Structure formats: C-alpha cells, structure tokens
Amino acid sequence: MKVVITGASSGIGEALARHYAADGTVLGLISRRGTALALPGTIVPYPVDVTDEGALAEAARDFTTRFGAPDLVIANAGIAVGTEGADPRDMAKLKKLLEVNVVGLAATLAAFAPAMREARRGTLAGVASVAGFRGLAGNGAYSASKSAAITWMESLRAELHGSGVSVVCICPGYIDTPMTRVNRFRMPFLLTADEAARRFARAIAAKRRLAVIPWQMALVSILLRLLPGWLYDRIASRAPRKPRDVPV
C-alpha cells in the first residue's frame with residue numbers, strides 16, 4: 001500500500017503515519033518541519049509546507065515517479081487560532097488559516113489526483129472539522145476555513161465521480177493534540193490521536209463521503225444545523241472561545 005499524509009510531524013498526522021506504517025507499505029510523509037519517525041515500511045519524508053504549491057507538485061512528481069500513484073492521500077495539515085471578526089487585526093490570521101486549511105488541502109489533493117485518475121483507483125481524503133458546519137463565536141476564521149474545505153471536498157467528489165478515485169471528507173470533533181491543548185475549556189468527547197487515527201482509517205476504508213468522528217459529535221452537529229438562527233446566536237454567543245494569542 002502507498003500512502004501520503006500531510007501534517008505528518010505531530011498530532012493526528014503522526015498518529016495516522018503510525019497507523020498505516022507496516023512492512024511493505026510506502027509512506028510519503030509531508031510536513032513543514034520534516035519528520036524523523038522510525039516506522040516499519042518504506043518512509044519517504046518531504047519537508048514541504050503545504051502552502052508552497054510548487055514544492056508540493058515536486059513532491060508528488062517524485063513520489064509517483066518512484067512508487068507510482070498512491071493508494072491513499074490524506075490532506076491533514078491544518079492550523080487553528082481564535083479570532084474576533086470585529087477586530088481588523090485578525091484579518092491576517094484569517095488569510096493564514098484559509099491559505100493552509102483550504103488552499104493547502106486543495107493543492108495537496110490536486111498534486112496527486114492526476115496520477116490517481118490515470119490509474120483509475122485510490123482515495124483522496126481531507127480532514128475538515130465539525131467546526132465547519134456553523135460559525136462559532138471567537139473561531140470565525142477556523143470555522144470558515146473548515147466550511148470551505150467541506151464544500152471543496154464535495155465538489156471534488158462530484159468532479160471525480162466515475163473516475164475510480166474516491167473522495168472522503170472527515171470532520172472530527174476534539175482530538176488531544178498540541179493544537180487543542182491550548183484550549184482553556186472542557187472539550188466533550190475528546191479522543192486520543194491514536195484512537196482518532198483508527199477511526200479515520202475505518203471511515204476511509206469504507207469510502208464514506210462525509211464522516212463525522214466521533215459519532216456523538218455527529219449528533220451534536222445535526223442539532224446545531226437544525227437550530228434556528230435566533231436561538232443559535234443566543235447559545236453560541238455564550239460558548240467558550242479559543243485563545244487568540246496562539247501563534248500560527
């Protein structure tokens with residue numbers, strides 16, 4: 001099996017790498033900081049920032065030339081920070097989150113899609129978030145980026161329909177990673193990174209179009225989407241907010 005994962009140096013990306021690593025497996029691990037994971041199988045590190053489209057394209061060319069089209073690409077790299085929509089100073093954060101969480105995801109999948117479409121097989125998976133289903137107060141940039149990622153993945157799935165290439169969008173809730181450990185509030189249904197990786201892999205193997213993980217967060221997301229605007233505004237305005245002082 002040939003698997004490519006972005007954001008592979010820590011958090012859920014590292015857990016996914018550990019999950020898929022096995023004798024006979026080729027892992028292409030893309031991360032901004034590079035990775036030195038000691039894992040079974042063939043490990044091919046690419047110290048690439050997903051916002052660098054040229055470097056991503058070169059990594060994809062190198063991987064497909066050496067190993068052929070991947071069986072699975074997981075666009076996992078992402079960042080998060082609290083924002084305040086009424087504060088002009090947070091527009092730079094919005095631009096950065098959109099660049100990484102949307103354009104970086106799209107560029108990753110686009111870099112490998114042609115070879116997979118030519119091979120008429122494989123799965124393109126993108127990691128979004130339940131935060132993309134409604135706008136969360138104090139988290140507008142992150143919610144907007146993940147909402148855009150969900151919509152992009154849906155469009156990509158329709159475009160590749162009948163090509164032999166599957167598209168899976170994963171929307172996790174809270175996962176215990178460095179990105180969530182800065183939160184100063186209780187996180188319901190929190191999963192370890194390793195458990196999340198196992199559940200992601202099951203959803204990918206089943207080729208689920210949209211997978212909300214864990215199932216409890218799927219119920220929460222349904223309820224949130226059903227709330228009328230006036231009631232949602234009242235509830236969401238009182239919800240705890242992500243710190244705005246986290247570097248991105």
Side-chain angles (χ1 to χ4, degrees), residues 2-21 25-39 43-53 55-60 62-63 70 72-81 93 96-113 123-132 141-142 145-146 148-150 152-153 156 167-183 191-201 203-204 211 213 242 246-248:
K2 295 167 287 187
V3 182
V4 176
I5 303 168
T6 65
S9 62
S10 65
I12 187 61
E14 181 181 342
L16 285 165
R18 289 196 302 269
H19 177 85
Y20 283 105
T25 295
V26 179
L27 281 183
L29 302 182
I30 298 173
S31 60
R32 182 180 53 186
R33 295 186 295 271
T35 180
L37 294 175
L39 299 169
I43 308 302
V44 189
Y46 294 100
V48 170
D49 190 317
V50 295
T51 63
D52 186 338
E53 295 174 37
L56 264 181
E58 181 54 39
D62 178 78
F63 188 91
L72 171 62
V73 176
I74 306 177
N76 162 77
I79 56 175
V81 66
K93 296 177 187 174
K96 183 65 175 178
L97 264 70
L98 291 174
E99 184 181 23
V100 174
N101 296 354
V102 185
V103 180
L105 174 144
T108 298
L109 301 179
F112 290 92
T123 299
L124 297 169
V127 180
S129 170
V130 295
Y142 187 71
S145 70
K146 294 303 185 178
I150 292 168
W152 182 271
M153 296 288 293
L156 180 63
V167 177
V168 175
C169 182
I170 299 173
C171 295
Y174 294 112
I175 300 172
D176 183 17
T177 67
M179 194 164 69
T180 59
R181 287 173 199 148
V182 301
N183 292 343
L191 295 176
T192 66
D194 287 340
E195 177 59 25
R198 286 190 289 271
R199 298 191 189 197
F200 283 23
I204 290 168
I213 296 170
K242 194 170 187 70
V246 179
V248 293

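What you see below is based on every heavy atom in this structure, not just the backbone, and it leaves out hydrogens, waters and symmetry mates. Computed from a predicted structure; not experimentally measured.
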Undergrad: Please check: side-chain N/O of T25 versus main-chain N/O of A21, any donor-acceptor pairing under 3.5 Å?
TA: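 Between the backbone of A21 and the side chain of T25 there is no qualifying donor-acceptor contact (under 3.5 Å).
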
Undergrad: Closest approach of A203 and I213, non-hydrogen atoms and distance?
TA: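 Closest pair (atom of A203, atom of I213, distance): CB-CD1, 4.3 Å.
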
Undergrad: Could I get the full list of side chain to side chain contact (heavy atoms under 4.5 Å, CB included) partners for P172, not counting sequence neighbours?
TA: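 Scan of P172 (side chain to side chain contact (heavy atoms under 4.5 Å, CB included), adjacent residues dropped) gives V127, I170, I175, F200.
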
Undergrad: With a 4.5 Å cut-off on side-chain heavy atoms, are I30 and I5 touching?
TA: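 Contact flag for I5/I30 side chains = no.
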
Undergrad: So do the side chains of L191 and Y174 get within less than 4.5 Å of each other, counting heavy atoms only?
TA: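 They are not in contact (no side-chain heavy atoms under 4.5 Å apart), so the answer is no.
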
Undergrad: Go through the steps for L56 and D52 under the test side chain to side chain contact (heavy atoms under 4.5 Å, CB included), then give the verdict.
TA: CA-CA 6 Å; L56 264 181; D52 186 338; over 6 Å; no

Undergrad: Does the side chain to side chain donor-acceptor pair (under 3.5 Å) test come out yes or no for D194 and T192, once each step is laid out?
TA: CA-CA 5 Å; D194 287 340; T192 66; 5.7 Å; no

Undergrad: One pair to check against side chain to side chain contact (heavy atoms under 4.5 Å, CB included): Y46 and E58. What are the steps and the verdict?
TA: CA-CA 10 Å; Y46 294 100; E58 181 54 39; over 6 Å; no

Undergrad: Quick one: pull up CG in L16 and CG in L27 and give me the separation to the nearest 0.5 Å.
TA: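 Spacing of CG (L16) from CG (L27) equals 10.0 Å.
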
Undergrad: Please name all residues satisfying side chain to side chain contact (heavy atoms under 4.5 Å, CB included) with A128, sequence neighbours left out, ordered by chain then number.
TA: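 Checked A128 against side chain to side chain contact (heavy atoms under 4.5 Å, CB included); matches are K146, A149, I150, C169, C171.
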
Undergrad: Do V50 and R32 have side chains that get closer than 4.5 Å, going by heavy atoms?
TA: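 SC-SC contact between V50 and R32 ruled out.
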
Undergrad: Considering all heavy atoms of both residues, which atom of R33 and which atom of S9 are nearest to each other, and what is their separation?
TA: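 Closest heavy-atom pair between R33 and S9: NH2-OG, 3.3 Å.
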
Undergrad: Restricting to non-hydrogen atoms, name the atom on M153 and the atom on L105 that form the minimum distance, rounded to 0.1 Å.
TA: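 For M153 and L105, the tightest heavy-atom pair comes out as SD-CD2, 3.9 Å.
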
Undergrad: Go through the steps to decide whether E14 and T177 satisfy the test side chain to side chain contact (heavy atoms under 4.5 Å, CB included), and finish with yes or no.
TA: CA-CA 10 Å; E14 181 181 342; T177 67; over 6 Å; no

Undergrad: More than 12 foreign heavy atoms under 6.0 Å from CD of E99: is that the case here?
TA: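 Yes, enclosed.
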
Undergrad: With a 3.5 Å distance limit and no angle check, can you tell me whether T6 reaches the backbone of A77 through a side-chain donor-acceptor pair?
TA: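 Present.
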
Undergrad: Search all heavy atoms of A193 against all heavy atoms of I12 and return the closest pair with its distance.
TA: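 A193 and I12 have their closest heavy atoms at O-CD1, 3.5 Å.
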
Undergrad: Going through the checks in order, is the side chain to side chain contact (heavy atoms under 4.5 Å, CB included) test met by V4 and L72?
TA: CA-CA 6 Å; V4 176; L72 171 62; over 6 Å; no

Undergrad: Compare every heavy atom of L29 with every heavy atom of A8, then report the nearest pair and how far apart it is.
TA: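 Scanning both residues completely, I find the closest heavy atoms to be CB-CB, 3.8 Å.
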
Undergrad: Out of curiosity, I204 CD1 to H19 NE2, how far, rounded to the nearest 0.5 Å?
TA: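 Reported to 0.5 Å precision, the distance equals 8.5 Å.
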
Undergrad: What closest approach, in Å, do L124 and A113 show between heavy atoms, and which atom pair accounts for it?
TA: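 That would be CD1-CB, 4.0 Å.
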
Undergrad: Would a distance-only check, ignoring hydrogens and angles, find a side-chain to backbone donor-acceptor pair under 3.5 Å from N101 to S145?
TA: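 Flag not set: sc N101 to bb S145 has no pair under 3.5 Å.
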
Undergrad: I want to check something: taking the side chain as every heavy atom from C-beta on, are Y20 and I74 in contact at a cut-off of under 4.5 Å?
TA: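 With C-beta onward as the side chain, the pair touches.
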
Undergrad: Please list, chain by chain and in numerical order, all residues satisfying ring-ring contact (aromatic ring centres under 6.0 Å, His included) with F112, sequence neighbours excluded.
TA: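 Per chain and number, F112 pairs via ring-ring contact (aromatic ring centres under 6.0 Å, His included) with no residue.
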
Undergrad: Flag the pair T51 / V103 as yes when at least one side-chain heavy-atom distance between them is below 4.5 Å, and no otherwise.
TA: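 No; the side chains remain at least 4.5 Å from each other.
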
